[in-house]
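Structure first, commentary second.
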Amino acid sequence: MSFVLFRLEKNVNHHPQLLVLVRSHLQDRIVMLVDLDYFFAQAEETRNPSIRDKPVVVCVYSGRSEDSGAVSTANYAARKFGVRSGMPIGLAKQKLENADAVFLPVDDAFYEDISKRIMSFLRGYADSFEQVGIDEAYLDVSRRIKGSYEEAAELARRIKIEIVTSDGLTCSIGVGPNKIVAKIASDIHKPDGLTVVKPQQVTEFFSPLSVDRLIGVGVKTTEKMRALGINTIGDLAKHDVQRLIDVFGKKVGLYFHNASSGVDNDPVQERAEAESVSRISTLKEDTRELRLIIEKTDRQCKEIEAELKQGCLTFKTVTIIAIMKNMSVRSRSKSLENKTSSVDVLIKTVYELFEKFLEQSDLEIRRVGVKVSGFARDEKSQQQLTSFIEKD
DNA sequence: GTATGCTTTCGGC
DNA sequence: TTACGGCCGAAAGCATAC
């Protein structure tokens, strides 16, 4: 994206008026990030208000034993006890001993339903719209707000009221000149926050923040940066670009450099359809027995087939995923000669990949998964579906 | 030299 | 003291094909 911008500016350098036009169009944006607070847990609170004041922990149970699985989301009452997303359920239970906590299984269909309603009216407030995951969305409101941050804040307040009124949920909103600033702004006062960062405030706002506030900076990258003496976003902004590129690679290094100064030309736009579909699940026990693995993956293949059928999609590449006893992740993939939608081909390919994989490794396997990618529309089944709908 | 495929790693939600 | 989900995408390094 920044490459396109560079070429544009280079070409219009001979035409000063055009340059101003391009620049103002790209730079004077107002972007909003709306993030539904602790979404799954809050959704559960609306369904059963009596749990509102208790610690609520929404879990993905793996089914292996009573408490095996991980925490998906916890409300703030639970977070006060140190409960975090991704944490083992058993550990969360220990932290919440005698706290009168509520543990609930995830109910994806319920959350999806709420999300769809909210996203569809949010879309109506934006010049352009980009949903991220189930509970977040960017709104480019530049045109309808005409460059006024005061009006943007007013719109944000209206949106917050509308979400509370329609679905009883609070959200946190960040407003800024681009997606990165809006995202970090939304993060700063949670829950039920509203933070507006104007262009001239970006440097002051960013400098003292820890680098891990940036999207793309997780545990590993934070460690690497710490080793380079980079702790805050301000430190990152002062660091030599070439050094960042040497350490993190060209694309990521440049991204860190620009992001740290609050520079981001990434447009707000609807995301494309998914490029892969996968299923992964935990085995009853760790094993190296092909039969037990295939029992699980056969079901996964059938689920994947059903999902692809809805979009009339064929696939080209099959990947198997194995999470070993020690939690290390392994994968193997194969690209087929021809695109297909056949579940039999999928099942057979998965079998062969796992058979070969087992010969190459000697650790027991804990979780297994199947992924397909390289999609294309299957025109034949699309026509059948269309004529079926027309007849109806 | 370029395009594509395969595998791994990292990170977001 | 341990404990441990299920998705998704981006990118890099390497191998191979053309």
Side-chain angles (χ1 to χ4, degrees), chain A residues 1 33 35-41 57-74 83-95 105-106 108 111-112 115 131-137 179 183 186-187 211-225 245-256 266 271-283 286 296 300 303-304 307 316-337 353 356-357 360-361 366-374:
Chain A
M1 222 50 228
L33 188 273
D35 182 359
L36 301 174
D37 295 322
Y38 60 102
F39 180 46
F40 294 177
V57 186
V58 178
C59 303
V60 181
Y61 290 98
S62 72
R64 166 176 284 217
S65 66
E66 190 175 328
D67 283 349
S68 78
V71 172
S72 181
T73 321
V83 175
R84 296 288 178 267
S85 295
M87 180 178 275
I89 295 166
L91 180 56
K93 288 212 162 156
Q94 185 184 303
K95 288 182 180 291
V106 288
D108 289 315
Y111 315 137
E112 192 65 53
S115 169
Q131 183 175 340
V132 183
I134 195 170
D135 65 347
E136 277 184 45
K179 294 206 285 191
K183 170 72 181 172
S186 78
D187 244 9
V211 284
D212 59 10
R213 294 272 187 174
L214 290 172
I215 295 177
V217 180
V219 174
K220 306 268 180 174
T221 309
T222 303
E223 274 172 27
K224 268 197 202 174
M225 288 190 180
I245 291 171
D246 291 345
V247 177
F248 298 105
K250 191 169 181 183
K251 191 123 182 176
V252 174
L254 270 179
Y255 162 75
F256 287 154
D266 196 26
R271 300 220 165 171
E273 299 292 303
E275 285 169 16
S276 66
V277 168
S278 61
R279 289 292 183 273
I280 187 162
S281 44
T282 305
L283 297 164
D286 298 352
K296 186 66 92 176
Q300 295 173 335
E303 279 187 40
I304 288 171
E307 186 171 335
K316 183 90 162 69
T317 303
V318 178
T319 304
I320 60 160
I321 302 145
I323 289 99
M324 316 305 289
K325 191 187 185 77
N326 65 4
M327 293 292 177
S328 63
V329 182
R330 298 277 177 273
S331 65
R332 295 289 185 272
S333 54
K334 178 176 179 180
S335 284
L336 305 170
E337 295 276 322
L353 284 168
K356 208 187 293 177
F357 174 75
Q360 297 168 354
S361 96
R366 180 183 179 90
R367 301 163 64 200
V368 293
V370 175
K371 171 167 99 165
V372 297
S373 55

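This one's a predicted model, so the numbers in the text were calculated from it and none came from an experiment. The sequence lines fix the lettering, A, B, ..., with proteins before strands; numbering per chain opens at 1.
- Contact annotation for A/Lys93: no contact, since no heavy-atom pair falls under 4.0 Å across all strands.
- Here the nucleotide nearest the side chain of A/Thr282, chosen from C/dC7, B/dT8, C/dG5, is C/dG5.
- When rounded to the nearest whole Å, the span between CG of A/Leu214 and C1' of B/dG11 equals 13 Å.
- Residue A/Lys224 places none of its side-chain N or O atoms closer than 4.0 Å to OP1 or OP2 of B/dG11.
- Which of B/dT8, B/dT7, C/dG6 sits closest to the side chain of A/Ser333 comes down to B/dT7.
- A/Arg330 is not listed as a side-chain neighbour of A/Ser361, based on a closest heavy-atom distance of 4.5 Å or more.
- Taking only side-chain atoms of A/Ile215, from C-beta outward, the nucleotide of C/dG9, B/dT9, B/dG12 with the closest atom is B/dG12.
- When the C1' atom is used for both C/dG5 and B/dG12, the distance is 14 Å, rounded to whole Å.
- Note on A/Ser331: a side-chain N or O is less than 4.0 Å away from OP1 or OP2 of B/dT8.
- Spacing between atom CZ of A/Arg332 and atom P of B/dC6 amounts to 13 Å, rounded to whole angstrom units.
- Residue A/Ser68 has its side chain nearest to C/dG5 when only C/dC7, B/dT8, C/dG5 are considered.
- Contact annotation for A/Val71: no contact, since no heavy-atom pair falls under 4.0 Å across all strands.
- Rounded to a whole Å, the OH atom of A/Tyr255 is 17 Å from the P atom of B/dC10.
- Listed nucleotides C/dA3, C/dG9, B/dT8 differ in distance to A/Gln94; the shortest reach to its side chain belongs to C/dA3.
- Distance A/Phe256 CZ to B/dC10 C1': 10 Å, rounded to the nearest Å.
- Checking C/dG9, C/dC4, B/dG11 against the side-chain heavy atoms of A/Thr221 singles out B/dG11 as nearest.
- The residue among A/Leu353 and A/Asp212 whose nearest nucleotide of DNA chain B lies closer to the 5′ end is A/Leu353.
- As rounded to whole Å, 9 Å separates atom C1' of C/dA3 from atom CZ of A/Arg366.
- Residue contacts for A/Val217: at a heavy-atom cut-off of 4.0 Å it reaches the sugar-phosphate backbone alone, with no base atom in range.
- Here the closest heavy-atom approach between residue A/Thr73 and residue A/Phe39 is recorded as CG2-N, 4.2 Å.
- Atom CG in A/Leu91 sits about 10 Å away from atom C1' in C/dC4, given to the nearest Å.
- Looking at A/Phe256 and A/Val217, their side chains come closer than 4.5 Å, going by heavy atoms from C-beta outward.
- Residue contacts for A/Ser281: at a heavy-atom cut-off of 4.0 Å it reaches the sugar-phosphate backbone alone, with no base atom in range.
- For A/Lys316, the NZ atom counts as densely surrounded, since its 6.0 Å shell holds more than 12 non-hydrogen atoms of other residues, nucleotides or ligands.
- Across the protein-nucleic acid pair, A/Leu254 atom CG and C/dA10 atom P stand 18 Å apart, rounded to whole Å.
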Fill in: Chi angles and distances behind the side-chain contact (heavy atoms from CB on, under 4.5 Å) call for A/Thr221, A/Phe248
CA-CA 9 Å; A/Thr221 309; A/Phe248 298 105; 3.7 Å; yes
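- In this structure, the nucleotide among B/dT9, C/dG9, B/dC13 sitting nearest to the side chain of A/Asp135 is B/dC13.
- Here the nucleotide nearest the side chain of A/Val60, chosen from B/dC6, B/dG11, C/dG6, is C/dG6.
- Picking from B/dC6, B/dT9, C/dA11 the nucleotide with the shortest atom distance to the side chain of A/Lys251 gives C/dA11.
- A/Gly369 comes within 4.0 angstrom of nothing in the nucleic acid, heavy atoms only.
- Using a 4.0 Å heavy-atom cutoff across all strands shown, A/Ser72 reaches at least one base atom of the nucleic acid.
- Distance from the side chain of A/Ala70 is smallest for C/dG5 among the nucleotides B/dG11, C/dA3, C/dG5.
- A/Ser62 comes within 4.0 angstrom of the backbone, heavy atoms only, and of no base.
- One interatomic measurement links the two molecules: CE of A/Met327 to P of C/dG6, which rounds to 11 Å at whole-angstrom precision.
- Between A/Ala70 and A/Gly86, the shortest heavy-atom distance links the atoms CB-O, 4.0 Å.
- Across all strands shown, A/Lys316 has no heavy atoms under 4.0 Å from either base or sugar-phosphate atoms.
- One finds no side-chain N or O of A/Arg279 lying less than 4.0 angstrom from the OP1 or OP2 phosphate oxygen of C/dG6.
- Around atom CD of A/Gln360, more than 12 heavy atoms belonging to other residues, nucleotides or ligands sit under 6.0 Å away.
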